[in-house]
Protein chains: 2
Amino acid sequence: MKTRKRFSARTSKIVSSREDPLSVQSVEKAFRVLTAFDGAIPSMGLTQLAASVGLDKSAAQRFTHTLMRLGYLRKDPDTRRFELTVKMLDLGYRYTRANPLIQRALPYLLHLSKTTEETVNLTVLDDTDIIFVSRFMSRHVLNNDVIIGTRMPAYCTAPGIAILSRLPPNEARNILKRSDLVVFTPYTTYRMDDLLKKLEISAAQGYATAFDEFYHGDLSIAAAILGQNRWPIGAINIAVSRTRFSPEEAVERFSSLVVAAALSVSQISNLRR
Amino acid sequence: MKTRKRFSARTSKIVSSREDPLSVQSVEKAFRVLTAFDGAIPSMGLTQLAASVGLDKSAAQRFTHTLMRLGYLRKDPDTRRFELTVKMLDLGYRYTRANPLIQRALPYLLHLSKTTEETVNLTVLDDTDIIFVSRFMSRHVLNNDVIIGTRMPAYCTAPGIAILSRLPPNEARNILKRSDLVVFTPYTTYRMDDLLKKLEISAAQGYATAFDEFYHGDLSIAAAILGQNRWPIGAINIAVSRTRFSPEEAVERFSSLVVAAALSVSQISNLRR
DNA sequence: AATTTTTGTATTGCATTATAATACTTTTTA
DNA sequence: TAAAAAGTATTATAATGCAATACAAAAATT
């Protein structure tokens with residue numbers, strides 16, 4: 001009867017291991033535990049954690065123990081709740097330091113930041129999102145809760161459109177199709193044909209714009225960075241506040257700077273096709 | 001007889017598992033693989049990776065496979081070398097968002113940053129190091145390769161001294177003893193009794209200073225943030241360039257601001273003992 | 001250009017490791 | 001104060017992860 005219980009209990013696991021026998025399930029579970037914590041759920045007790053990641057108490061126990069030993073998790077001695085440790089930052093730090101694009105772009109971003117005194121970002125694409133990987137905020141900055149690691153949908157951001165516009169058209173189209181096209185503001189471009197038109201315009205002029213599409217009052221101008229195969233590997237953008245510039249002024253002032261910086265970081269001689 | 005076989009076959013592993021049978025070794029190995037990459041070694045082939053983390057090729061194969069499936073590692077299709085993906089940033093991001101100290105401190109840091117127009121940092125202690133967890137750079141910034149996640153030795157930084165000075169004296173002493181006291185500049189404080197004196201001064205005046213101790217030309221003033229038990233949980237510092245201020249001017253201008261901000265973020269009514 | 005060596009990929013039987021049940025302890029709630 | 005819930009510790013079992021091996025594909029060398 002013991003065996004029977006076990007059998008029924010593990011059916012799903014057996015299936016999943018069959019699907020990919022090379023994959024180490026313990027590792028996957030450990031990451032399930034780690035990624036159970038975020039801004040909404042900053043700490044959990046063992047039972048709560050176990051429930052939230054779909055493990056039994058024993059398993060949760062072993063993984064929390066392991067992750068504590070490795071230093072990524074700590075348990076508050078009073079509340080006995082688990083929380084992430086600062087060592088988690090090491091992981092992101094490793095990526096930043098190991099990434100040649102970020103290292104190569106750094107001086108250009110700094111230069112842009114100092115000459116314009118506006119907010120300058122480097123972003124990369126991850127499926128349907130862009131992720132901020134390097135950021136220099138101006139003192140006029142609008143938005144303080146965009147930090148390194150923040151994700152935004154590609155379709156409604158200047159960097160996202162700039163990157164998509166340099167992908168083969170059907171690739172870009174696929175990404176847009178997969179995207180959850182939410183209307184964040186009255187100015188959000190969300191209709192597929194409007195988005196495709198934006199891509200065309202971006203490809204033609206060499207830079208993309210997004211005015212009030214995600215945040216109210218945010219004017220953003222971006223140009224894609226291309227790798228050796230002319231494949232877009234990221235984007236540089238400048239973001240300014242509508243209170244200080246009109247869209248036209250912003251384009252006039254910053255588009256050529258952004259394009260020039262993106263070209264400098266690109267591993268090719270000319271951004272145009 | 002089973003037990004006997006176990007014993008002979010895998011002596012080293014048995015030892016380690018005996019020491020801590022609750023720990024999941026696969027997870028530990030996965031993290032060995034992930035943390036093999038950094039600025040110095042941004043990418044590796046399978047064999048090289050296996051050698052560098054002390055796994056055989058089979059194991060390296062399974063862990064890279066697993067980590068790729070989870071999205072933290074990618075393999076360049078041309079070079080077949082592995083590298084970290086931007087998903088690593090998610091992990092650090094989770095910590096930042098889940099950490100109540102960082103969230104609580106944010107508005108005060110922003111305020112400091114805007115009013116002073118100087119570089120403002122929030123740091124926490126991790127053993128003998130401080131780690132930058134939040135940072136607002138001024139345009140006069142000296143040092144561009146300090147980013148979120150950067151570690152520095154506590155003993156030669158203002159935030160480090162500020163934090164240590166609020167620990168029980170023998171705790172602070174133990175940390176200093178464990179520290180590798182490197183002389184970075186001619187002004188680095190590295191003798192134990194000088195360091196202890198710095199702690200005393202910091203405790204007495206409520207803020208710590210570090211002038212040219214790690215970077216030439218860097219003047220830093222820090223105050224510790226205390227938790228409910230008056231235990232230091234981090235520090236706020238302002239860093240300015242010697243080209244623009246003398247140490248005395250910097251102290252005069254910024255020490256009270258830093259102390260006030262740290263007190264505001266602290267969960268107590270008064271920074272003094 | 002051919003050969004050797006190195007590196008990467010795929011497969012499999014075996015036994016160690018991870019598992020999950022259970023018992024026990026402590027804390028919280030009623 | 002009792003009951004319930006949460007956390008901790010232990011252990012037999014078998015499924016998982018292991019490492020050997022074979023195969024394939026690039027580099028490196030001749």
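Every chain is numbered from 1, with letters handed out A, B, ... down the list of sequences.
Rounding to whole angstrom units, NZ of residue B/Lys29 and C1' of D/dG17 are separated by 8 Å. Atom CZ of B/Arg62 and atom C1' of D/dC18 are 5 Å apart (whole Å). Across the protein-nucleic acid pair, A/Gln61 atom CD and C/dC24 atom P stand 16 Å apart, rounded to whole Å. Rounded to whole angstrom, the span from the CD atom of A/Gln25 across to the P atom of D/dA15 amounts to 12 Å. The NE2 atom of A/His65 sits 18 Å away from the P atom of C/dA20 (whole-angstrom rounding). The distance from atom NZ of B/Lys75 to atom P of C/dG8 is 9 Å, rounded to the nearest whole Å. Distance CG (A/Asp78) to P (C/dT26): 17 Å, rounded to an integer number of Å. Atom CD in A/Glu28 sits about 15 Å away from atom P in C/dA18, given to the nearest Å.
Panel note: side chain B/Gln61, backbone B/Leu46; no donor-acceptor pair is recorded below 3.5 Å. B/Asp127 contributes no side-chain N or O that, together with a main-chain N or O of B/Asp129, makes up a donor-acceptor pair within less than 3.5 Å.
Ionic pairing of B/Asp126 and A/Lys87 is not present here: no N-O contact between side-chain nitrogen and carboxylate oxygen is shorter than 4.0 angstrom.
Residue order along DNA chain D, read from the 5' end via each residue's closest nucleotide, puts A/Met44 first among A/Met44 and A/Ser26.
Within residues 46-59 of chain B, the residues that place at least one heavy atom under 4.0 Å from DNA chain C are, in residue-number order, B/Leu46, B/Thr47, B/Lys57.
Surrounding CZ of A/Arg173 are at most 12 heavy atoms belonging to other residues, nucleotides or ligands under 6.0 Å away. For CZ of A/Arg81, the number of neighbouring non-hydrogen atoms (other residues, nucleotides, ligands) closer than 6.0 Å is greater than 12.
Annotation: side chain of A/Leu263 is not in contact with side chain of A/Ile225 (no heavy-atom distance under 4.5 Å).
Every residue meeting the ring pair (Phe, Tyr, Trp, His ring centres under 6.0 Å) condition with A/Tyr72, not counting sequence neighbours, appears here in chain and number order: B/Phe31.
Using a 4.0 Å heavy-atom distance criterion, A/Phe63 is classed as a sugar-phosphate-only contact.
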Bracket string, DNA chain C, 5' to 3' - pairs by Watson-Crick or G-U geometry under 3.5 Å, | interstrand: ||||||||||||||||||||||||||||||
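There is a side-chain donor-acceptor pair under 3.5 Å between A/Ser165 and A/Ser202.
Considering only side-chain atoms of B/Val24, the nucleotide from C/dA18, D/dT8, D/dG17 that sits closest is C/dA18.
Scanning both residues, A/Val24 and B/Ser26, for their nearest heavy atoms gives CG1-CB, 3.7 Å.
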